[in-house]
Amino acid sequence: MEMKYEGLLLIVADLKAAKDFYESVLGQTASFYYEGEMVSFESGISLAPESAYKSWMTDEAARGLNVRSQSNNFQLYFEVEDIEGCYATLKENSELNWLHAPIEVDYGARTMRLYDLDGHIIEISEAIALVAKRLADEGMTTAEIAEKFGDSVETVEALIEESK
């Protein structure tokens with residue numbers, strides 16, 4: 001049996017507000033919108049309100065389903081080329097609920113996290129190829145970057161080449 005991953009479905013409280021958030025804040029483009037029922041984005045992320053989601057299963061299963069907001073047990077991950085520019089743009093929206101502003105993590109990437117309207121964690125990070133190039137531009141050798149990344153020199157060289 002072959003199984004193909006097709007995307008992620010997030011349960012939301014207000015489909016229209018969530019759709020607007022994913023389009024205006026995260027730059028997603030809707031590929032399918034069935035008003036009141038579901039929206040799918042080109043990235044593979046889909047959104048549906050709890051009522052629609054529960055209508056797609058048996059009554060018994062729906063009764064036993066407990067949808068919780070802000071469970072903090074997963075996150076959606078996005079990459080950008082300019083983390084500081086992205087942060088400056090997003091900071092203009094005072095309605096956003098931030099976990100943290102950009103920080104540098106142990107392998108050198110700068111990343112930030114916020115919540116969407118339904119409490120799903122959104123991580124926005126520098127693209128890893130750009131991290132490798134930035135560290136090289138700051139004077140680190142490919143061997144030092146590879147050690148920092150926990151990867152091979154060949155992989156780091158390929159990332160730096162990809163970022164050009």
Side-chain angles (χ1 to χ4, degrees), residues 3-135 148-150 159 162-164:
M3 190 177 299
K4 180 182 172 195
Y5 177 76
E6 287 293 324
L8 171 75
L9 175 69
L10 299 175
I11 308 307
V12 299
D14 180 331
L15 184 61
K16 182 175 179 349
K19 177 182 180 289
D20 291 346
F21 176 90
Y22 276 78
E23 289 175 333
S24 66
V25 175
L26 299 175
Q28 299 300 292
T29 302
S31 57
F32 171 81
Y33 181 55
Y34 182 46
E35 192 166 345
E37 293 290 317
M38 190 172 116
V39 61
S40 294
F41 298 99
E42 291 174 356
S43 63
I45 298 170
S46 295
L47 309 172
E50 185 175 350
S51 59
Y53 183 62
K54 287 184 173 183
S55 75
W56 302 334
M57 58 185 74
T58 67
D59 289 342
E60 182 180 350
R63 277 192 301 277
L65 187 67
N66 181 17
V67 176
R68 290 178 289 162
S69 178
Q70 201 167 337
S71 63
N72 294 321
N73 61 2
F74 81 96
Q75 66 181 20
L76 298 175
Y77 178 77
F78 295 87
E79 289 186 344
V80 295
E81 291 186 9
D82 177 10
I83 192 83
E84 295 303 329
C86 179
Y87 179 65
T89 299
L90 293 177
K91 270 310 265 187
E92 293 175 8
N93 183 341
S94 62
E95 302 293 314
L96 296 180
N97 183 8
W98 289 91
L99 276 147
H100 63 80
I103 59 170
E104 188 167 312
V105 295
D106 58 352
Y107 63 92
R110 291 186 303 228
T111 186
M112 58 188 168
R113 289 179 178 85
L114 61 138
Y115 288 106
D116 73 4
L117 300 177
D118 293 280
H120 303 113
I121 299 171
I122 307 294
E123 178 181 3
I124 303 170
S125 182
E126 289 179 290
I128 195 66
L130 296 176
V131 175
K133 182 178 182 322
R134 178 174 52 81
L135 294 175
K148 191 171 191 71
F149 281 11
L159 288 170
E162 177 186 322
S163 71
K164 291 180 180 179

Notebook entry, point to check: Between the side chain of Ser40 and the main-chain N/O of Ser31, is any donor-acceptor distance below 3.5 Å?
Noted result: no
Item checked: Smallest separation among heavy atoms of Pro49 and Ile11, with atom names -> C-CG2, 4.2 Å
Next item on the list: Could you grab the distance from atom CD of Glu50 to atom CG of Asn66, nearest 0.5 Å is fine?
Entry: 8.0 Å
Notebook entry, point to check: Using a distance-only test with no angle check, is there a side-chain donor-acceptor pair under 3.5 angstrom linking Glu35 and Tyr33?
Noted result: no
Checklist line | Contact check, side chains of Trp56 and Glu37, non-hydrogen atoms, under 4.5 Å | finding: yes
Item checked: Flag side-chain contact, heavy atom, 4.5 Å: Leu47 against Phe41 -> yes
Notebook entry, point to check: Does a sphere of radius 6.0 Å around OH in Tyr77 hold more than 12 heavy atoms from other residues, nucleotides or ligands, not counting ones at 6.0 Å or beyond?
Noted result: yes
Margin query: For Asp118, is there any backbone N or O sitting under 3.5 Å from a side-chain donor or acceptor partner on Ser69?
Written below: yes
Check: Does Leu76 reach the side chain of Tyr22, with side-chain heavy atoms less than 4.5 Å apart?
Finding: yes
Item checked: CG-CZ distance between Leu10 and Phe74, expressed to the nearest 0.5 angstrom -> 5.0 Å
Note to self: Which heavy atom of Val39 sits nearest to which heavy atom of Ala30, and what is that distance?
What the structure shows: CG2-CB, 3.9 Å
Check: For Lys133, does the NZ atom have more than 12 heavy-atom neighbours from other residues, nucleotides or ligands under 6.0 Å away?
Finding: no
Item checked: Asp20 vs Leu117 side-chain heavy atoms within contact, under 4.5 Å -> no
Note to self: Testing the basics here: between Tyr115 and Phe21, what is the closest heavy-atom pair and its distance to 0.1 Å?
What the structure shows: O-CZ, 4.0 Å
Notebook entry, point to check: What's the spacing between Leu15 CG and Met38 CE if we round to 0.5 Å?
Noted result: 9.5 Å
Next item on the list: Look at the side chain of Gln28 and the backbone N and O of Leu26, then say whether any donor-acceptor pair between them is shorter than 3.5 Å.
Entry: yes
Check: Hey, does Phe149 have a side-chain heavy atom less than 4.5 Å from the side chain of Leu135?
Finding: yes
Checklist line | Interatomic distance, Met112 atom CE to Leu99 atom CG [nearest 0.5 angstrom] | finding: 12.0 Å
Margin query: Surrounding CD of Glu81 (heavy atoms of other residues, nucleotides or ligands, distance under 6.0 Å), is the total greater than 12?
Written below: no
Note to self: Taking Ser55's backbone N and O only, do any of them form a donor-acceptor pair with Tyr53's side chain (distance below 3.5 Å, no angle check)?
What the structure shows: no
Checklist line | Neighbour count above 12 (heavy atom, 6.0 Å) for Glu95 CD | finding: no
Next item on the list: Supply the atom-to-atom distance Ile128 CD1 to Glu79 CD, rounded to the nearest 0.5 angstrom.
Entry: 7.5 Å
Note to self: Measuring only between side-chain heavy atoms, which start at C-beta, is Thr111 closer than 4.5 Å to Ile124?
What the structure shows: no
Checklist line | Ile122 side chain near Val25 side chain, heavy-atom distance below 4.5 Å | finding: no
Check: How far apart are the closest heavy atoms of Val131 and Tyr107, and which atoms are they?
Finding: CG1-O, 4.2 Å
Item checked: Side chain Glu126, main chain Arg110, donor-acceptor under 3.5 Å -> yes
Margin query: Could you check whether any side-chain heavy atom of Ile121 comes within less than 4.5 Å of a side-chain heavy atom of Asn72, counting everything from C-beta outward?
Written below: yes
